[in-house]
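What follows is a set of notes on a single structure, which appears directly below.
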Number of protein chains: 2
Amino acid sequence: MEDRGTFDHLPHKTIARLSQYRRALLLCLSRGKSHIFSHEIATIQHITPVQVRRDLMLIGYSGTLRKGYNIKELISLIGNIIDSEEGLKVAIVGMGNLGRALINYFSGKRHKLSIIAGFDTNPDKIGNTMNGVPCYSATRMREIIEKEGIQIAIITVPAENASQTANELVAAGIKGLLNYTPKPIDVPEYVYLEEYDMITTLEKVAFYVKMKTLEEKGITTI
Amino acid sequence: MEDRGTFDHLPHKTIARLSQYRRALLLCLSRGKSHIFSHEIATIQHITPVQVRRDLMLIGYSGTLRKGYNIKELISLIGNIIDSEEGLKVAIVGMGNLGRALINYFSGKRHKLSIIAGFDTNPDKIGNTMNGVPCYSATRMREIIEKEGIQIAIITVPAENASQTANELVAAGIKGLLNYTPKPIDVPEYVYLEEYDMITTLEKVAFYVKMKTLEEKGITTI
DNA sequence: AAATAATTGTTAATAAAATAACATTGTTAT
DNA sequence: ATAACAATGTTATTTTATTAACAATTATTT
Ligand SMILES: NC(=O)c1ccc[n+]([C@@H]2O[C@H](COP(=O)([O-])OP(=O)(O)OC[C@H]3O[C@@H](n4cnc5c(N)ncnc54)[C@H](O)[C@@H]3O)[C@@H](O)[C@H]2O)c1
Ligand SMILES: NC(=O)c1ccc[n+]([C@@H]2O[C@H](COP(=O)([O-])OP(=O)(O)OC[C@H]3O[C@@H](n4cnc5c(N)ncnc54)[C@H](O)[C@@H]3O)[C@@H](O)[C@H]2O)c1
């Protein structure tokens, strides 16, 4: 029999949406709202209310018929699922434009997930602090990751250094990697990897803009 | 009968992968390679060779049995599909940390897609040029978008200004939007929208790291 | 010349995700 | 009271995406 507290078969897409729901819920809470309907969440996220209810069904949360979902309760439940009880520590490697943008943005946003170290090879950056995050020499990566028990790393070094950096991080015991360089990296199967490239997203936008334009012109063949 | 040159039913995921294939192919080309096998592309992209061949089948490209795919030809075909013949112009709104990181990264990478204008409200930034991209006052958005025929915009303003910025961009005639603020925006159906939030990605990584850890400990219930 | 191996291209099967359908339950209006 | 309504929760269906299976082709080896 399926246990209500077993969350390891949740669809990947549901995990991503739960994170987004929480973001929206936190915003609503801060505006003094206490309850929310599935169609309200749906509108914010550009999805259907059924999708929302299905996701919430999968995590075993029930709302009330006329008031909808209790925002605080739901935030807390999503936290139980996504967050690690003890919290997870994150490092960012490459304190350049992108690394700084991410640190600025993320700092203090989630208390169970915090960027606690940055690494760089540029002597001018080593020793500085960025939004409370100290920048260490990249040569100390392994030492500090082990000492602090850092489990997740974000890679924002120049593309040509991506794979070497990834190898060092894996050797240091990292369990999850988020690679923002345009160079796909290889990791052993026990490391969870996500990669993101803005050019892919932008080209996707461009493709659909092109398609809409051709459609308007009545052209259906390239 | 289905025309070989009709690309409007390609799966969304295939579009994203084509962009990634091209990125990998360009790299291989620059290293002097002329042909590539499906399993080589697959290894780079962390997918299966079958997936690659299926995608290429969908776009109607054939390789040769013992040499694989002709890299130049394939790059060119992917270009025919993704790129607009005349090229598309892109604007970036909000020339802060993230905006600058994206401009730096993207500049000159794709010749059929170019960021040609930035907008900001900060007088210190207006009038400057960043990597060849001029920064205009946000009050001139509509004027310049119309004059230049800009069709795509990237939003990197503070979250509280996201929806107003989006509205102005839509009013100015933008056809595609890429929203990097954590505030989901609403657009009419004729505008293609993509949103990306790094926190969602990072939380997904955190969730799977947590799961792997619990698994190792033999815990299957939270 | 035959067997083997490596590769492509395509169809078939499976899996994952989204959507639709609908029963259920309170609430409000008549 | 009863009907109409507006929600939730769940099952069934459909759609989308991935993976498997395999025939066809050509180079290489025996
Ligand atoms: N995914 C995206 O959407 C996206 C967007 C922008 C940039 N990028 C990529 O992100 C990376 C960083 O971009 P950026 O604009 O911040 O570049 P940047 O040059 O400003 O920053 C790179 C930093 O990494 C440091 N560095 C170099 N080698 C290192 C090493 N081995 N270990 C640690 N630090 C090292 C450099 O000193 C520098 O501070 C690039 O690969 C770029 O292509 C990706
Ligand atoms: N999606 C992600 O992964 C991600 C990562 C980092 C930051 N962000 C978000 O991106 C946005 C920008 O982050 P940042 O670190 O660059 O912030 P920033 O403060 O450095 O930059 C914002 C810029 O926008 C300008 N601006 C303000 N109002 C404007 C308006 N109405 N029109 C035009 N320009 C305007 C400001 O003058 C500033 O230059 C924020 O919303 C942040 O939350 C998202």
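We name chains A, B, ... by the order of the sequence lines, and we start the count at 1 in each one. Just the heavy atoms: all of them, side chains too, but no hydrogens, waters or symmetry mates, feed the values below. Since the model is a prediction, treat every value here as computed from it, not as a measurement.
- Atom NE2 of B:H35 is separated from atom P of C:dA6 by 20 Å (rounded to the nearest Å).
- Under the 4.0 Å criterion applied to side-chain N and carboxylate O atoms, A:R22 and A:D83 are assigned as salt-bridge partners.
- Look at CG on A:L58: it is 11 Å from P on D:dT11, rounded to the nearest Å.
- At a threshold of 4.5 Å between non-hydrogen side-chain atoms, the residues B:L193 and B:I185 count as touching.
- Once rounded to the nearest 0.5 Å, the distance linking CG of A:L177 with CG of A:L169 reads 5.5 Å.
- Between A:K13 and the phosphate of C:dA18, there is a side-chain N or O to OP1/OP2 separation shorter than 4.0 Å.
- Rounded to whole Å, atom P of C:dA18 lies 15 Å from atom NE2 of A:H46.
- Regarding B:H12, its NE2 atom lies at a distance of 15 Å from the P atom of D:dT15, rounded to whole Å.
- A straight line from CG of B:D8 to P of D:dT16 spans 13 Å, rounded to a whole angstrom.
- Atom CE of A:M57 is separated from atom P of C:dT24 by 17 Å (rounded to the nearest Å).
- Distance from the side chain of B:L65 is smallest to C:dT7 among C:dT7, D:dT8, D:dT19.
- Note on A:T14: nothing from the nucleic acid sits closer than 4.0 angstrom, heavy atoms only.
- The base of C:dT19 lies close enough to the side chain of A:R54 for a donor and an acceptor atom to sit less than 3.5 Å apart.
- Of the possible polar contacts, one joining the A:N179 side chain to the A:K183 backbone as a donor-acceptor pair under 3.5 Å is found.
- Of the two residues contacting DNA chain D, namely A:R53 and A:R66, the nearest-nucleotide position lying further toward the 5' end is that of A:R66.
- Out of D:dA17, C:dT7, D:dT8, the shortest distance to the side chain of B:P11 is found at D:dA17.
- OP1 or OP2 of D:dG9 sits under 4.0 Å from a side-chain N or O of A:S62.
- Here the P atom of nucleotide D:dT16 and the CG atom of B:L10 are 13 Å apart, to the nearest Å.
- In this structure B:Q20 satisfies the side chain to side chain contact (heavy atoms under 4.5 Å, CB included) test together with A:T200, B:R17, B:R23, B:Q45, sequence neighbours excluded.
- One can place CZ of A:R17 at 11 Å from C1' of C:dA16, the figure rounded to the nearest angstrom.
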